[in-house]
Amino acid sequence: MALVRQMAGSGSDGTEDSDSSAEREPTNSSESDGNMPKRQRLTRASTRLSQSSQGLSGHLQPQSPPLSRDLQLQHEMPYAGAPSFIHLNILNRLFSVACCYNINLSICPGHLTGKHERHFAVSGCPLYHNLSADECKVKATSREKQEDDVKGQEESTSRHATRHQTPTSKQSRYKEQVVEMRKGRNSSLQKEQKEKHMEHRQTHSNTREPLLENITSDYDLELFRKAQARASEDLEKLRIQGQITEGSNMIKTILFGRYELDTWYHSPYPEEYARLGRLYVCEFCLKYMKSQTILRRHMAKCVWKHPPGDEVYRKGTISVFEVDGKKNKIYCQNLCLLAKLFLDHKTLYYDVEPFLFYVMTEADNTGCHLVGYFSKEKNSFLNYNVSCILTMPQYMRQGFGKMLIDFSYLLSKVEEKVGSPERPLSDLGLISYRSYWKEVLLRYMYNFQGKEISIKEISQETAVNPVDIVSTLQSLQMLKYWKGKHLVLKRQDLIDEWKAKEIKRGNSNKTIDPSSLKWTPPKGT
């Protein structure tokens with residue numbers, strides 16, 4: 001999940017007067033960069049490094065060349081703060097900000113992974129994570145020992161393992177232990193613990209990671225620590241390989257409507273926009289601008305209040321618009337560039353004409369706000385019903401991702417086709433699809449009254465590809481090979497668990513109503 005900060009109407013010093021992001025290919029300004037004096041480039045890089053390292057308890061000491069007057073003013077701007085305890089995906093993105101290249105090792109030596117004597121980013125700073133260099137080394141030794149043990153066990157069991165074997169007794173006992181460990185933790189912090197956490201926050205503010213003890217179980221906390229160390233090690237490898245540099249052009253944040261969103265990945269915006277670090281985007285027409293002033297002028301005259309195209313679905317405040325990439329080329333290109341900031345595997349940016357875009361919005365008295373979208377080919381040879389899918393970070397973990405997936409399969413049902421998403425899926429996309437397929441299968445099993453069940457019948461009724469059905473059944477341990485045949489097992493415990501969650505969830509408005517769809521398949525599909 002992205003780190004989302006809601007804005008309260010801040011001003012801007014921008015004075016540029018261009019508010020158009022016309023259709024273009026990515027520009028190359030290497031000539032201008034090549035003519036820039038080396039001293040000036042180092043000065044700007046040092047300024048950015050000093051800004052990103054302010055507030056880290058003074059243990060980082062950047063030594064930058066003398067700054068010009070304009071850069072001195074930029075240098076004196078307050079630092080927004082180091083990342084707090086948030087989702088690991090956005091941690092990995094935030095950690096890409098270099099915090100120092102000249103470090104006083106006597107004050108802040110070591111690395112979070114315990115494998116290096118110095119660090120170059122916040123992700124590798126032991127002090128930021130409330131640890132010492134020696135503690136990091138001890139934890140690294142412990143992790144390596146555990147990994148070696150697990151690897152040895154896997155090698156010993158792999159010789160006799162079948163393709164889809166059931167969990168061993170040892171694995172089952174370990175799973176039970178994990179469940180007990182999670183149940184055993186205290187549901188809330190004690191008074192002394194709360195005081196300790198508040199004192200730590202008041203003392204260190206955003207310059208240290210919040211205390212994480214007693215917030216969750218020891219097992220989950222240890223998993224998170226391992227993930228932190230692994231992400232930090234991957235970042236260190238990228239730095240050594242030269243893929244992360246002090247002057248890399250990457251948009252760090254975007255101002256989008258009421259929200260300021262921290263980005264996760266690089267997107268190929270034109271060079272003059274990418275080098276700014278912050279981009280200002282109109283949430284209705286998706287044009288991108290260089291400053292708050294330009295955005296404010298644009299919003300005063302922008303007549304768009306919803307995506308272009310046809311509104312094919314509406315229920316309550318939720319609407320879905322069908323946008324043709326050929327008819328609304330600039331809008332779809334801007335949508336793809338915006339999506340790439342939060343998707344790793346996306347490669348389509350400018351060639352949008354062969355695609356249809358289905359944009360989900362949530363309406364209020366100011367307009368229809370972008371929630372997410374998915375795209376699909378107008379003529380897919382492999383019957384892919386989704387080419388790319390994204391839920392905007394400020395709407396994640398609210399059920400909108402599942403609604404987008406359900407809507408894509410609803411279109412496949414109307415087309416009388418069996419659909420599947422295009423691979424590869426992103427990490428979050430794979431999690432969402434697996435959750436959706438699991439729910440669809442358990443609902444089908446719950447309503448099924450016959451004695452013999454067919455995967456083909458499930459596929460025809462749900463529009464889910466048989467390959468996806470089989471993989472989901474295997475993950476749920478509901479598919480068994482017996483006497484030369486594959487049998488589908490109806491696991492009543494999983495069905496009862498799903499039904500209990502459905503009852504607890506109640507009548508949620510985060511579901512797709514087929515009767516609210518007003519759509520006919522485009523010609524040629």
Side-chain angles (χ1 to χ4, degrees), residues 4 6-7 9-10 12 14 16-24 251 253-261 263 267 269-270 273 276 278-342 348-350 352-353 355-376 388-395 400 403-404 407 516 518-519 522:
V4 179
Q6 188 163 346
M7 304 300 292
S10 60
S12 174
E16 296 186 53
D17 198 24
S18 171
D19 60 357
S20 65
S21 54
E23 171 191 353
R24 67 184 77 186
I251 298 169
T253 60
I254 62 170
L255 194 69
F256 191 80
R258 298 176 299 154
Y259 302 96
E260 182 182 358
L261 308 177
T263 62
S267 182
Y269 279 96
Y273 292 90
L276 297 174
R278 171 182 286 190
L279 207 58
Y280 300 83
V281 182
C282 174
E283 63 174 327
F284 298 117
C285 68
L286 303 186
K287 288 184 178 180
Y288 45 90
M289 289 147 269
K290 295 182 178 181
S291 71
Q292 179 98 26
T293 300
I294 300 174
L295 176 62
R296 190 161 50 244
R297 291 173 181 172
H298 169 82
M299 295 301 295
K301 61 184 179 182
C302 183
V303 297
W304 292 36
K305 295 300 178 184
H306 61 77
D310 301 324
E311 185 179 13
V312 297
Y313 177 90
R314 181 193 293 179
K315 183 177 182 182
T317 60
I318 303 298
S319 298
V320 178
F321 293 82
E322 182 184 64
V323 185
D324 192 330
K326 186 176 182 179
K327 296 179 181 177
N328 302 277
K329 190 173 182 179
I330 296 177
Y331 177 87
C332 294
Q333 287 177 343
N334 290 340
L335 180 60
C336 290
L337 289 172
L338 176 65
K340 181 61 183 73
L341 294 171
F342 309 103
L348 168 72
Y349 315 116
Y350 294 100
V352 296
E353 295 184 11
F355 293 87
L356 292 171
F357 295 79
Y358 294 88
V359 184
M360 180 175 288
T361 63
E362 187 175 36
D364 59 15
N365 55 359
T366 61
C368 297
H369 304 281
L370 177 64
V371 172
Y373 86 100
F374 69 88
S375 61
K376 62 181 296 186
C388 178
I389 185 169
L390 170 75
T391 304
M392 290 298 291
Q394 67 269 32
Y395 290 102
F400 289 108
M403 288 183 68
L404 284 169
F407 189 80
S516 299
K518 308 298 180 184
W519 180 80

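Keep in mind that this is a model prediction, so the values were computed, not measured. Side chains included, hydrogens not; waters and symmetry mates left out as well; all remaining heavy atoms used.
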Atom pair [atom1]/[atom2] of [X] and [Y] - distance to nearest 0.5 Å:
| X | Y | atom1 | atom2 | result |
| --- | --- | --- | --- | --- |
| Ile330 | Cys285 | CD1 | SG | 10.0 Å |
| Tyr358 | Ile389 | OH | CD1 | 13.0 Å |
| Lys376 | Glu322 | NZ | CD | 8.5 Å |

Side chains of [X] and [Y]: closer than 4.5 Å at any heavy-atom pair?
| X | Y | answer |
| --- | --- | --- |
| Ile254 | Tyr288 | no |
| Phe407 | Phe374 | yes |
| Gln394 | Phe256 | yes |
| Phe355 | Cys332 | no |
| Pro307 | Thr361 | yes |
| His369 | Tyr395 | yes |
| Cys302 | Lys287 | no |
| Met299 | Phe284 | yes |

Mind listing the closest non-hydrogen atom pair of [X] and [Y] along with its distance?
| X | Y | result |
| --- | --- | --- |
| Val352 | Cys336 | CG1-SG, 4.0 Å |
| Cys388 | Tyr373 | SG-OH, 3.5 Å |
| Phe342 | Thr263 | CE2-CA, 4.1 Å |
| Leu356 | Asp324 | CD2-CA, 3.9 Å |
| Leu370 | Leu286 | CD2-CD2, 4.3 Å |
| Met289 | Cys282 | CE-N, 3.9 Å |

Geometric class of the His306/Phe321 ring pair [parallel <30°, tilted 30-60°, perpendicular >60°]: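 Rings of Phe321 and His306: parallel, under 30°.
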Let me see the working for Lys315 and Ile318 under side chain to side chain contact (heavy atoms under 4.5 Å, CB included), right down to the final yes or no. CA-CA 6 Å; Lys315 183 177 182 182; Ile318 303 298; 5.6 Å; no
Under a 3.5 Å distance rule, please check whether Thr253 uses its side chain to pair with a backbone N or O of Glu260 as donor and acceptor.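 No: the side chain of Thr253 does not pair with the backbone of Glu260.
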Using atom types as modelled and distance alone, determine if a side-chain donor or acceptor of Asp310 lies under 3.5 Å from a backbone N or O of Val312.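 Looks like no, no N/O pair under 3.5 Å.
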Between Arg258 and Glu283, does any side-chain N to carboxylate O distance fall below 4.0 Å?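 No, Arg258 and Glu283 are not salt-bridged.
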Does the pair Phe357 and Asn328 meet the rule for a side chain to side chain contact (heavy atoms under 4.5 Å, CB included), with working shown? CA-CA 10 Å; Phe357 295 79; Asn328 302 277; over 6 Å; no
Check the pair Leu338 / Met392 against side chain to side chain contact (heavy atoms under 4.5 Å, CB included), numbers first and verdict last. CA-CA 10 Å; Leu338 176 65; Met392 290 298 291; 4.2 Å; yes
